[in-house]
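See below for the structure under consideration.
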Amino acid sequence: KATRKDGSPWSETHRRDVTRIMDCELLPALGRKPMTSISEVDVQRVIDGIIAREAYTFAADVRLYFRCVWTHFNKKRKVKLPDPSTDVDVVKGPAEVNHLAMDRSEVGDFLRRIRNSPATPLVRLGVLLLMHTGLRSGELRGATWKEINTEEKLWIIDASRMKNRLDHLVPLTAQSLERRAQLRIFCGELRGVRPSDLLPDDLIFPHAFKPTECISENTLIHAVWRAGFKGKHTPHGCRSLFSSWCNEVGKFMPDAVERQIAHVTMGKTRGAYNRALYSKERIRMMQASPESLTQQKRTSEVIKFPSVA
């Protein structure tokens, strides 16, 4: 089983990305060639094909994992073969502005557009939850029903799904719990079952045609674009908005904000990690965030989601 250097297992997202690199790029192009006959020209041809698709970062990842395969191949050889990718060039793409975030004055209009967009109800709710929670897109998209503790009103994300490899708690407000109930209706419809029959390991945001896989990052990106915010906002921008709002209102401790957006690392010098630290402050923060968003959309006409008994 593949593991990181620290012995922890790969995340499902990382496993998926590496599998894609192997199955869609390296094996089709080089899989039939003996390792000893693979040349720099062969590897450069693979990379150039990816660059032609303007997938610059992905091209660098493909080169990286080719090197990992070559290192593994050399481990059992007495005479090590030179890595043919050593001098392979990966052209840098144009400079990009990452994680665009709209101005806070545009939030009301954005919420109205998202709620009335042609995206599926599940995707619309996903974008709204990003706005309310400050989660990363992958943390939201990979969620399963077993992570939601309605009795404690907590969304408990296991360390294996977190970028910082630490358990993460998201206090759930009444509004978030209502969205959770709405999501169960839509997920049940996708799977053809009653909401009560959904399993703990079922995804909260399943792909419409492949329910064992979650929706993609691009699904959320395109929802933002179709709302008229292409070039102005991204799903990750919801996280930036959440953070800036929490800090600008001046009502919350900076450390509590950092913990709520999971910016704390194991190397943090302020003491041993406690996933429940600042819990009361974070609950207050999560209650205030939806209220702030609600105030900004009050004058907007929105779609009514199904009520839940």
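All of these numbers come straight from a predicted model, not from anything done at the bench.
Ion pairing between Asp158 and Arg161 fails under the 4.0 Å rule for side-chain N and carboxylate O. In this structure, Arg45 does not pair ionically with Asp48, as no charged nitrogen and carboxylate oxygen lie closer than 4.0 Å. Salt bridge Asp17/Arg20: absent, no basic N to carboxylate O contact under 4.0 Å. No salt bridge links Arg259 with Asp255; every basic N to acidic carboxylate O contact stays at or beyond 4.0 Å.
Inter-residue side-chain proximity for Arg226 and Ser117 is flagged as unmet; no heavy-atom pair is nearer than 4.5 Å. Taking 4.5 Å as the limit, some side-chain heavy atom of Phe186 sits within range of a side-chain heavy atom of Leu125. Leu135 has its side chain out of reach of Phe242: every pair of non-hydrogen atoms, C-beta onward, lies at least 4.5 Å apart. A heavy-atom distance below 4.5 Å is found between the side chains of Leu81 and Arg77. Residues Leu26 and Val62 are in side-chain contact: their nearest non-hydrogen atoms beyond the backbone lie under 4.5 Å apart. For the pair Arg63 and Val46, the minimum side-chain heavy-atom distance is 4.5 Å or more. At a threshold of 4.5 Å between non-hydrogen side-chain atoms, the residues Met102 and Leu241 count as touching. Side-chain contact between Asp167 and Met162 is absent, with no heavy atoms from C-beta onward closer than 4.5 Å.
Surrounding NZ of Lys251 are at most 12 heavy atoms belonging to other residues, nucleotides or ligands under 6.0 Å away. In this structure, Arg16 places its CZ atom where more than 12 heavy-atom neighbours from other residues, nucleotides or ligands lie under 6.0 Å away.
At least one donor-acceptor pair under 3.5 Å links the side chain of Thr86 to the backbone N or O of Asp83. Looking only at distances, no side-chain donor or acceptor of Ser243 sits under 3.5 Å from a matching main-chain atom of Arg239.
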Candidate pair Arg104 and Glu248, rule side chain to side chain contact (heavy atoms under 4.5 Å, CB included), full reasoning:
CA-CA 11 Å; Arg104 280 175 56 191; Glu248 287 172 17; 2.5 Å; yes
Go through it in stages, so that I can follow the logic: the residues are Phe66 and Val88, the test is side chain to side chain contact (heavy atoms under 4.5 Å, CB included), and I'd like the CA-CA distance, side-chain angles, deciding distance and then a yes or no.
CA-CA 11 Å; Phe66 175 87; Val88 167; over 6 Å; no
Where do Phe229 and Thr234 land on the side chain to side chain contact (heavy atoms under 4.5 Å, CB included) test, with the steps shown first?
CA-CA 8 Å; Phe229 280 75; Thr234 62; over 6 Å; no
Start with the C-alpha distance between Val41 and Gln44, add both sets of side-chain angles, then the distance that settles side chain to side chain contact (heavy atoms under 4.5 Å, CB included), and finish with yes or no.
CA-CA 5 Å; Val41 173; Gln44 187 69 63; 5.7 Å; no
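Nearest heavy-atom pair across Asp201 and Thr144 is O-CG2, 3.6 Å.
Between the side chains of Ser137 and Arg141, at least one donor N or O sits under 3.5 Å from an acceptor N or O. With hydrogens and angles left out, the side-chain atoms of Ser216 and Thr219 include a donor and acceptor closer than 3.5 Å. Between the side chains of Thr71 and Asn74, no donor-acceptor pair is found at a separation under 3.5 Å. Using modelled atom types and a 3.5 Å distance limit, the side chains of Arg67 and Ser85 yield a donor-acceptor pair.
For the side-chain contact (heavy atoms from CB on, under 4.5 Å) test with Pro235, the passing option among Val127, Asn218, Ile221 is Ile221; the others fail.
To the nearest 0.5 angstrom, Leu154 atom CG is 10.5 Å from His168 atom NE2. Between Leu203 atom CG and Arg191 atom CZ the span is 6.5 Å, to the nearest 0.5 Å.
Relative ring orientation between Trp245 and Phe252 is described as tilted, the plane-to-plane angle lying within the 30° to 60° band. In this pair, Tyr65 and Trp10 present their aromatic rings perpendicular. The plane angle is above 60°, beyond the 30 to 60° band.
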